[in-house]
Peer 1: 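Here it is, the structure, as structure tokens.
All values derive from a computational prediction rather than experimental measurement. Quick note on labels: first sequence line is chain A, next is B, and so on, each numbered from 1. All heavy atoms count here, side chains included; hydrogens, waters and symmetry mates do not.
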Amino acid sequence: MDLKKLLIGNEAVAWGLYHGGLKVISSYPGTPSTEITEFLSKHDDIHTEWAPNEKVACETAFGASLAGVRSACAMKHVGLNVAADPLFTLSYTGVTGGMVICVADDPAMHSSQNEQDSRHYAIGAKVPMLEPADSAEAYEFARSAFALSEKYDTPVLLRMCTRIAHSQCLVEMGEREECPRKEYVKQPSKYIMMPAYAKAKHPAVEERTEKLKALAEDCAYNRIEDRGSDIGIITSGCSYLYVKEVFGDRVSILKIGMPNPLPEKTIREFAAKVKKLYIIEELDPVIENHVRALGIPCTGKSLFSPVGEFSQQTVREAFLKEGVDVGEVPEAQGAAPAVPGRPPMMCAGCPHRGLFYTLAKNKITVLGDIGCYTLGAVAPLNALDSTLCMGASVSGIHGFNLATDGESEGKTVAVIGDSTFMHSGMTGLVNIAYNATNSTVIILDNSITGMTGHQQNPTTGYNIKGDPAAKVDLEALCKALGIRRVRVVDPYDLKQCEQAVKEELAEKEPSVIISRRPCVLLKYVKPKAPLKADAEKCRSCKRCMGLGCPAISMKDGKARIDATLCVGCGVCEQLCAFGAIGEVESK
Amino acid sequence: MKTTSVMIVGVGGQGSLLASKLLGNLLTDEGYDVKVSEVHGMSQRGGSVVTYVRYGEKVYSPIVTAGECDFIISFEKLEAARYAGCLKKGGKIIVNTQQIDPMPVITGAAEYPEQVLEDLKARGFDVDDFDALTPAMEAGSAKAVNIVLMGHFAARSGIGEDKWMAALEKTVPAKFLDMNRKAFSLGFHG
């Protein structure tokens, strides 16, 4: 293959891994990393899969590397928290087949619960990290990461961020390198990390870091663009693009492509060439702290915030403050008028809506979790009380009910999606049963991993390629974990929902309610005929508006249903006390 | 040459990704350096979405900031106003006159500014507003609004209709090609 293609960063990573000889990739979906594994699943000569969580994914990649092939896993930044356990000891064992862990940060939190900086993991686990600035580099870095991994006997972290993962640029691609599986040899001192062997491994890790530091001084990942300017900028990732957008070739730049370990000599050499040194990096001052530790004065986070994403505007405004010539400053046509916000919301016909309406109506405290259903937190439902991390609803409700000596048991529930339950809700449920609180957990089973754009999971009965697979029986699973009361409701049926919630909350034992209906966006879910609100029957009570359905609005004081959005779920019809909402009469 | 910046804005689910893909394919065929920045994940759920497309001899940043945008292509009235501050002096807004109420309007917490396009014009913005929904329905689907709008933009892009059509063939699945060709033509000549 020898052509330039317009690729998003994640597709470029996928091609880089594939051409680099990847044989096994196991991942858990998470914006902005999901497409890496989705693109790879189109190849039939490698193994791709969705694992139940990132720890499983990372350990699967470890096993594949142990067996002698090139392997990878991909996850979002918070996924690496889950996979941190294998990561830190993988640093000790090293690899047989090259192993790449792709991690995608989300500055500005486009689709995340925090803004953590994954570079700290590379430093903490003492493994090399590569950080591309665009799709072309993403391809090159992913492709070359396997050789780096094998040469230095270490897993390699490939750090992406939302802007690079989801931006397209032209990429020139090569061919796939076939890497035959290395023969498996039993190596206890390398792979059994019990104290006796691990003690010998730690010094080896420190020695490896020294070797990687030497590599950092003399590799294509880090490069100096010397333009003889008074100011010099050390930057990495997409910040490099913003700097180039503003300054082009007018300032000297040290572009860091390997943020761990950093090249000390190169940094000193670069700093010596310029009168004033700036560090421009999104999120935490990782490079800046390193430069300061070398005793080199620099300006970084005092000028460039640790919060959110940057842009060329960030760079331009900062240097204007510094009195540096930033070239032509864009002139806007004018100021935009203030307009109402448009936050994301649950889709028309979303099966989560009926359930959340029931919980809000009964003023139930709801510990939430990570998924589309986090949108139950917004007006008018305002149904959630907490969202922390994957699985925290189930573990959290147990602690909540312990703290109140059971007083909260009859008015508190945990809600968690099917995929999130498989990810890390199950263990919390075991704890509820084992350590006995009368907690009620609602599994919002929409038969797909929704928020990340419809990935299969162990409860759907299909694998990543859409082929039939073993299907977890959620009812049987919950019972096996020690919960005797397990029942299924249809969230489109408000009466059924309310009855189930009230009955389970009244019971003096733990329970699980499975609220089951497939995501309305799934292709096989056929929408019903849109409903219509009869303006004559409508008494303007606005009860239907309490659902927060995007298809329903008030026009001239009467409820109106947008026929292009309505899927005929019928939830509003059940709410209307005046029979104003119903199917359009057939002629 | 200078970099040209286009923003495709609208409501999650209106098909801005396909529109940007079409433009990206076209510009690549034309030999430009191209960068496109998309939105995935949570914001797609009915939220305000923006896609940036930038092209020229050499493009660095994939995003467009205040005062840099040559063309805003908006799938919805309110969204045109939301991003108008990005428009550079002399830039142009192409906007579908469709109105989609955001949640604060639905819940009654805010009012939809009905005169929003008139307001923009009064502020000196060059606003080309037209109804893309009717031609989309005529072509066969309300979902074709994105291609109607791209057709309308194409007629003002300085790149020939034949080249756009070739890019369209590359971008949309074969079974929807006829409908999209029709939608594009209606937008182009509308």
Peer 1: Heavy-atom distances under 4.5 Å only: say whether A:K555 touches chain B with side chain, backbone, both or neither.
Peer 2: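 Side chain of A:K555 only, per the 4.5 Å heavy-atom cut-off to chain B.
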Peer 1: Strictly distance-based, threshold 3.5 Å: is any side-chain N or O of A:Q312 a donor or acceptor partner for the main-chain N or O of B:I63?
Peer 2: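 At least one qualifying donor-acceptor pair exists.
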Peer 1: Looking at A:G453, A:G248, A:G548, A:A165, which one has more heavy-atom pairs under 4.5 Å with chain B than the rest?
Peer 2: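 The answer is A:G548.
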Peer 1: Does any backbone or side-chain atom of B:A84 lie under 4.5 Å from a heavy atom of chain A? Answer side chain, backbone, both or neither.
Peer 2: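 Both backbone and side chain of B:A84 come within 4.5 Å of chain A.
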Peer 1: Heavy-atom cut-off 4.5 Å, strictly under: side chain, backbone, both or neither for A:C350 against chain B?
Peer 2: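 When you check distances to chain B, no heavy atom of A:C350 falls under 4.5 Å.
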Peer 1: Salt bridge or not between A:E245 and B:K35? Use side-chain N to carboxylate O under 4.0 Å.
Peer 2: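 B:K35 and A:E245: not salt-bridged.
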Peer 1: Pick one of side chain, backbone, both or neither for B:D119, based on which atoms fall under 4.5 Å of a heavy atom in chain A.
Peer 2: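 It is the side chain, since no backbone atom gets that close.
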Peer 1: Can you say whether A:T564 sits under 4.5 Å from chain B via the side chain, the backbone, both, or neither, judging by heavy atoms?
Peer 2: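 The answer is neither part of A:T564.
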Peer 1: Less than 4.5 Å to any heavy atom of chain B: does that hold for the side chain of A:P32, its backbone, both, or neither?
Peer 2: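 The answer is neither part of A:P32.
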Peer 1: So which part of A:M554 gets closer than 4.5 Å to some heavy atom of chain B, the side chain, the backbone, both or neither?
Peer 2: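 Answer is neither: A:M554 stays 4.5 Å or more from chain B.
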Peer 1: Are any side-chain N or O atoms of B:R82 and backbone N or O atoms of A:P340, one a donor and one an acceptor, separated by less than 3.5 Å?
Peer 2: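 At least one qualifying donor-acceptor pair exists.
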Peer 1: What part of B:Y55 lies closer than 4.5 angstrom to a heavy atom of chain A: side chain, backbone, both or neither?
Peer 2: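 Neither; nothing under 4.5 Å.
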Peer 1: Select all residues of residues 121-157 of chain B having any heavy atom within less than 4.5 Å of some heavy atom of chain A, and report them by number, or 'none'.
Peer 2: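 B:R123, B:G124, B:F125, listed by number.
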Peer 1: Please round to the nearest 0.5 Å and tell me the distance separating atom CG of A:L547 and atom OG1 of B:T107.
Peer 2: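 Taking CG in A:L547 and OG1 in B:T107, the distance rounds to 13.0 Å.
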Peer 1: Would you mind checking which part of B:V105 comes under 4.5 Å of any heavy atom in chain A, side chain (CB onward), backbone (N, CA, C, O), both or neither?
Peer 2: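 Side chain only.
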Peer 1: So what's closer than 4.5 Å to chain B heavy atoms on A:D562: side chain, backbone, both or neither?
Peer 2: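 Neither; nothing under 4.5 Å.
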Peer 1: Relative to chain B, which segment of A:E35 carries a heavy atom at a distance below 4.5 Å: side chain, backbone, both, or neither?
Peer 2: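 Only the side chain of A:E35 comes within 4.5 Å of chain B.
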Peer 1: Under 4.5 Å heavy-atom distance to chain A, tell me which part of B:Y52 shows up: side chain, backbone, both or neither.
Peer 2: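 Only the side chain of B:Y52 comes within 4.5 Å of chain A.
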Peer 1: Hey, what do you get for CD (A:E331) to NZ (B:K88), rounding to the nearest 0.5 Å?
Peer 2: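 These two atoms lie 11.0 Å from each other.
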Peer 1: Against chain B, label A:C169 side chain, backbone, both or neither, depending on which of its atoms sit under 4.5 Å from a heavy atom there.
Peer 2: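 Both backbone and side chain.
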Peer 1: What part of A:E328 is in contact with chain B, defined as an atom under 4.5 angstrom from a non-hydrogen atom: side chain, backbone, both or neither?
Peer 2: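 It is the side chain, since no backbone atom gets that close.
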